[in-house]
Amino acid sequence: AALSLLAALALGGCRSEEPDDSAFRAARAEARGAEPARAAEAPPAEDGVAHAQAPGNPPPTGTPAPDPRLLRPAAANEQAPERYTVELTTTEGPILIDVTRAWAPLGADRFYNLVKIGFFEDMAFFRVIEGFMAQTGLHGDPRVNRAWRTASIQDDPVRQSNTRGRVTFATSGANSRTTQFFINFGDNSRLDGMGFAPFGQVRDMRAVDALHAGYGEGAPRGRGPSQGRIQSQGNAYLRQAFPELDYIRSARIVSEGGQ
C-alpha cells in the first residue's frame, strides 16, 4: 500500500501584471451551477498515474515560443535564500508559502528557481482530492513539459512532517522530483516514511480549501485529468475537458531572508 500510494503521488515568475480571467471564472461558475460536482474520491490504494507520455498534438500555428528560460532546466540552478516567501496568485485568491531551506535544501532551491523563471503561470491544480492534497506543477505548454520531464533532483532527507498546509514536491520514486508539488489538506504524516520532504508552509489555507475538488482522482483510476495528456497536450486538453479546474495565474517571490 505504501509503494502504491507513492506512485499515486507521482510527478510533477515574478510578474506584476495579472491576466483578466473574468470570462474563465464566469464560464466555470456557470458550469458549476449547471452540474453539481461529484464527491471527491478517497486516496487511491494503487498507482493512479500513467508515466508514459500520451500522444499529443503540436502547438497551434502562431503559438508564441516559450520564454527561453523555461526550456533550459540546467541553467535554473541558483541557491535559494535560507528563508523566502512566494505568493501564488490563483483563481481562488492568493496563497502565501513560507519556504525554509533547511527543511529540504534541494527542494527549496528548485522551487525558488522555478518561481524566478516564471514557470508557475497559467497552471492548473489538476489533482485535488478532498481531505488529502492539491497537486499542480505540470506546465500548460507541452514544449516546456518536455524540457523538464527528466530534469530531476536528488532526494532530500525528510526533516518535517506532511501536515496541514505543508508544501512538498511530488515524486515517483528515488531522486525523481522535477516540477510538481502538492499542498497537504490534512495530516498526511504517513507520507513522511515514503520520502516526501516538505519544504514550505502555507500561511492561510482559505484559498487552498476553495480549490475545485469535484474531479477527484486522475485517470485512469478516477474521472480527473490524465497526467500523460497534460504532459503532451497542456492546457488545451484541460480547458476543453475539465473547465472547472482552478489555476495558478502567476507566482512571485515577495520576500527573501525572512524579511
Side-chain angles (χ1 to χ4, degrees), residues 10-21 24 51 53-81 84-91 95 97 99 106-127 134-154 167-172 175-183 199-200 225-239 245-254 256:
L11 297 182
C14 303
R15 294 217 172 185
S16 58
E17 295 183 347
E18 297 176 2
D20 180 4
D21 65 351
F24 163 73
H51 296 288
Q53 183 162 323
N57 300 317
T61 303
T63 301
D67 184 325
R69 297 178 302 168
L70 298 176
L71 302 177
R72 297 196 298 264
N77 58 6
E78 187 176 345
Q79 180 173 309
Y84 64 94
T85 299
V86 169
E87 180 182 57
L88 305 180
T89 300
T90 79
T91 47
I95 298 172
I97 300 173
V99 178
L106 299 179
D109 290 349
R110 170 56 59 90
F111 191 62
Y112 181 77
N113 282 279
L114 289 171
V115 173
K116 286 196 71 173
I117 66 174
F119 187 87
F120 300 116
E121 182 172 313
D122 195 24
M123 182 171 292
F125 284 95
F126 63 85
R127 183 170 180 249
Q135 187 170 341
T136 185
L138 286 175
H139 204 274
D141 189 324
R143 295 168 292 186
V144 178
N145 286 327
R146 284 194 294 272
W148 287 87
R149 192 171 182 84
T150 59
S152 58
I153 58 175
Q154 297 292 300
V167 184
T168 307
F169 272 105
T171 175
S172 58
N175 305 315
S176 62
R177 296 177 297 171
T178 56
T179 62
Q180 293 189 52
F181 69 92
F182 62 93
I183 302 171
F199 61 85
S226 157
Q227 287 200 31
R229 292 189 66 181
I230 303 171
Q231 290 271 9
S232 61
Q233 299 174 31
N235 282 350
Y237 158 66
L238 292 175
R239 290 215 161 92
L245 290 175
D246 281 298
Y247 283 76
I248 298 172
R249 300 193 305 185
S250 62
R252 66 190 183 104
I253 297 166
V254 294
E256 298 189 16

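FYI, the numbering just counts along the sequence from 1. All values below come from the heavy atoms of this structure, side chains included, with hydrogens, waters and symmetry mates left out. Because the structure is a prediction, the values reported are computed rather than measured.
L71 approaches R143 most closely through the heavy-atom pair CD2-O, 3.7 Å. Closest heavy-atom contact between A124 and L238: CB-CD1, 3.6 Å. Pairing each heavy atom of I97 with each of V167, the nearest pair is CG2-CG2, 3.9 Å.
Listed by chain and number, the residues in a side-chain hydrogen bond (donor to acceptor under 3.5 Å, both in side chains) with N235 are D122 (sequence neighbours excluded). Residues forming a ring pair (Phe, Tyr, Trp, His ring centres under 6.0 Å) with F199 (at least two apart in sequence, or on another chain): F111, F169. Partners of Y237 according to the side-chain hydrogen bond (donor to acceptor under 3.5 Å, both in side chains) rule, which considers only residues two or more places apart in sequence or in another chain, do not exist here. Shown here are the side-chain hydrogen bond (donor to acceptor under 3.5 Å, both in side chains) partners of E78, two or more places apart in sequence or in another chain: K116. Listed by chain and number, the residues in a side-chain contact (heavy atoms from CB on, under 4.5 Å) with A108 are Y84, V99, R101 (sequence neighbours excluded). For A134, the side-chain contact (heavy atoms from CB on, under 4.5 Å) partners at least two apart in sequence or on another chain are F125, V128, F185, L211.
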>> side chain to side chain donor-acceptor pair (under 3.5 Å), that's the test. Do T171 and S176 meet it? Break it down for me.
In response: CA-CA 6 Å; T171 175; S176 62; 2.7 Å; yes
>> Go through it in stages, so that I can follow the logic: the residues are F126 and Q227, the test is side chain to side chain contact (heavy atoms under 4.5 Å, CB included), and I'd like the CA-CA distance, side-chain angles, deciding distance and then a yes or no.
In response: CA-CA 8 Å; F126 63 85; Q227 287 200 31; 3.7 Å; yes
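At a threshold of 4.5 Å between non-hydrogen side-chain atoms, the residues I117 and D67 do not count as touching. Side-chain atoms of R177 and R110, non-hydrogen and from C-beta on, never get closer than 4.5 Å to each other. When side chains are defined from C-beta on, H139 counts as touching L70, because their heavy atoms get closer than 4.5 Å. Side-chain contact between I253 and P81 is absent, with no heavy-atom pair separated by less than 4.5 Å. The closest side-chain heavy-atom distance from D246 to T90 is not below 4.5 Å. Using a 4.5 Å heavy-atom threshold, the side chains of T136 and F120 count as separate. Side-chain atoms of Q231 and L138, non-hydrogen and from C-beta on, do get closer than 4.5 Å to each other.
Looking only at distances, no side-chain donor or acceptor of S250 sits under 3.5 Å from a matching main-chain atom of T89. Not a single donor-acceptor pair under 3.5 Å links the side chain of D109 to the backbone N or O of Q79.
Atom CG of L88 sits about 11.0 Å away from atom CZ of R252, to the nearest 0.5 Å.
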